[in-house]
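Throughout, protein chains are lettered first and strands after them, A, B, ... in sequence-line order, and every chain is numbered starting at 1.
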2 protein chains.
Amino acid sequence: MTERVVDEASRRRRRPTKHGQILTHRLIVETALRMLREHGAAGLTARRLGLALGADASAVYRYFRGMDDLVLAIADELYGHAMAGWAATGDWRGDLRDLGLRIHHAYLAHPQAAVLTASRVTGRPNEVAGDETILGILRGAGFPDGDAVRIYHAFIDQSLAFAILDAATLALPKAAREADEEVWHDTYARLPAATHPNIAATAPLLVARMNDSAYPTALDMLLSSASAQLSG
Amino acid sequence: MTERVVDEASRRRRRPTKHGQILTHRLIVETALRMLREHGAAGLTARRLGLALGADASAVYRYFRGMDDLVLAIADELYGHAMAGWAATGDWRGDLRDLGLRIHHAYLAHPQAAVLTASRVTGRPNEVAGDETILGILRGAGFPDGDAVRIYHAFIDQSLAFAILDAATLALPKAAREADEEVWHDTYARLPAATHPNIAATAPLLVARMNDSAYPTALDMLLSSASAQLSG
DNA sequence: CCCCTTATGTCAACGCCATTGACGTTGATG
DNA sequence: CATCAACGTCAATGGCGTTGACATAAGGGG
């Protein structure tokens, strides 16, 4: 038997499914994204995807080498969302901040997909283009290559790390998420100063802050540190 | 049929398995931890756990309501590991660095549990004690309350975020993880300078660096930024 | 238009997963 | 000793991702 998956660029045949649908690589990715949004990570299986496509599940293996390959395609799709419409201003710090928040935001728009994909390295076009851009900003700002790569590494992994953390929170069942959010008020804010002087002294600040994402703060601190290295 | 799982405090019976082993809640948790360490997340299945225990896999359901319940029990076991043996030196920056790396390391020792639990807010004693300690270090260093809470928020969430990101990588099936690791060499390092000048110029550095965790770098940058705020 | 070829979609099956129902029996208790 | 419930086993359930084989739709060439 020949290779099951045909190279996407040389794909020519168009055969409808039993229900009349013409499958494409793009349609499968978009359908998978929709299923992740509607049913969560556990809702994306080959069989359910097949049903949603009006096809047999195994048809998906004509387009992707496996479900993992599909997940990588989804990851690249999200990366494309993050970069869409972005334009450089020439202010390296502002540009990196904007990019970081965009990447974080794109993943947060699809929490279930983020949880599955933010840790992956795809080498696909959108990811490669994004990485080329970030490295370009850092090198253009005057960072030597060693520093540029080190900062790029911390920057991109930090944005992806917070994307997963915050996405995991959003992906929780509603009851679990609300219970977690109440902990700061119900548990922490009630701790006595005698046993927990630091928490007691800062409780109103904790209640006000801890249920929001810490990513903007962490990002600004990372950029401040990079900026200090450039000045020094 | 009555409830399958008996409350642990009221458990009295001791019946040996076919191989003579007496099962306990603790034995199952410890065996599962060992299997996670030795075989990775994909290596912990009910069947394999049963084999390792010298029991039928379904016996595990006498002790845990499901594999997820077991994973959370494992995480509970872990939580104490991160703080165990830690002692303050009085150097706020060194102490925070040590704590950050310990938290990260404890989760990385059990990626599957980390992926499931690092985003949760439990208000449990060990978590509370850890937060009290970190806030104490920051306030003790001279940060005003508003800054202490802001930095604490970025610090703790960043450590948890990187824990999930890196744990998710470790939790991948071996083939997927190795494929991801090869992407820097197989894809990125081969991009031509004509189209990707920045990646091409830094490729050897990327190959050398990107498969390791960026957490130590991000942590140091966060601490540098905090330090600069204290000085300024 | 017809014919050939092959890529595409379908179907059935494989080997694995977590889990449950039912049964036999061990051992605590009275 | 007798009773009985908890414990461990076994077989089955319902699902998972994936593959081999087959039928056929459709592209390409004559």
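- Residue B:His25 contributes atom NE2, which lies 13 Å from atom P of D:dC7 at whole-angstrom precision.
- Using a cutoff of 4.0 Å between basic side-chain nitrogens and carboxylate oxygens, B:Asp7 and B:Arg11 are not scored as salt-bridged.
- In this structure, A:Lys18 atom NZ and D:dC22 atom C1' are separated by 14 Å, rounded to whole Å.
- Tested against A:Phe64 for a side-chain contact (heavy atoms from CB on, under 4.5 Å), the candidates A:Leu72, A:Val5, A:Leu70 yield a single pass: A:Leu70.
- Note on A:Glu38 versus A:Arg34: salt bridge recorded, some NZ/NE/NH1/NH2 to OD/OE distance being below 4.0 Å.
- When each of D:dG8, C:dG9, C:dT8 is scored by its nearest atom to the side-chain atoms of A:Val6, the top-ranked nucleotide is C:dT8.
- Rounded to whole Å, the distance from CG on A:Leu116 to P on D:dG17 is 12 Å.
- The aromatic ring centroids of A:His104 and A:Tyr215 lie less than 6.0 Å from each other.
- For B:Met35 and C:dC17, the CE to P distance is 10 Å, given to the nearest whole Å.
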List every contact pair, protein side and nucleotides 12-15 of chain D side both N or O, where the distance is under 3.5 Å.
none

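- Comparing B:Leu44 and B:Pro16 by the nucleotide of DNA chain C that holds the closest heavy atom to each, the one mapping nearer the 5' end is B:Leu44.
- Contact annotation: A:Tyr63 reaches the phosphate of C:dG9 (side-chain N/O to OP1 or OP2, under 4.0 Å).
- Under 3.5 Å, the side chains of B:Tyr188 and A:Glu132 contain no donor-acceptor pair of N or O atoms.
- Side-chain contact of B:Thr31 with B:Arg26: a donor-acceptor pair under 3.5 Å is absent, judged by distance alone.
- For the pair A:Arg15 and D:dA23, the criterion of a side-chain N or O lying under 4.0 Å from OP1 or OP2 is not met.
- The residue among A:Ser58 and B:Ser58 whose nearest nucleotide of DNA chain D lies closer to the 5′ end is B:Ser58.
- Comparing B:Tyr61 and A:Val60 against DNA chain C, the residue whose closest nucleotide sits nearer the 5' end is A:Val60.
- Summarising the geometry, the separation between CG on A:Asp69 and C1' on D:dT19 is reported as 16 Å, rounded to the nearest angstrom.
- Contact annotation for A:Ala59: base contact, defined as any heavy-atom pair under 4.0 Å involving a base atom.
- Between the P atom of D:dT9 and the CG atom of B:Leu53 lies a distance of 10 Å, rounded to the nearest Å.
- For A:Ala55, counting side-chain heavy atoms from C-beta on, the closest listed nucleotide (C:dA22, C:dT10, C:dA7) is C:dT10.
- Distance A:Met67 CE to C:dC17 C1': 16 Å, rounded to the nearest Å.
- Rounded to whole Å, the distance from CZ on A:Phe64 to C1' on C:dA7 is 17 Å.
- Within a 6.0 Å radius of NE2 in A:His25, other residues, nucleotides and ligands contribute more than 12 heavy atoms.
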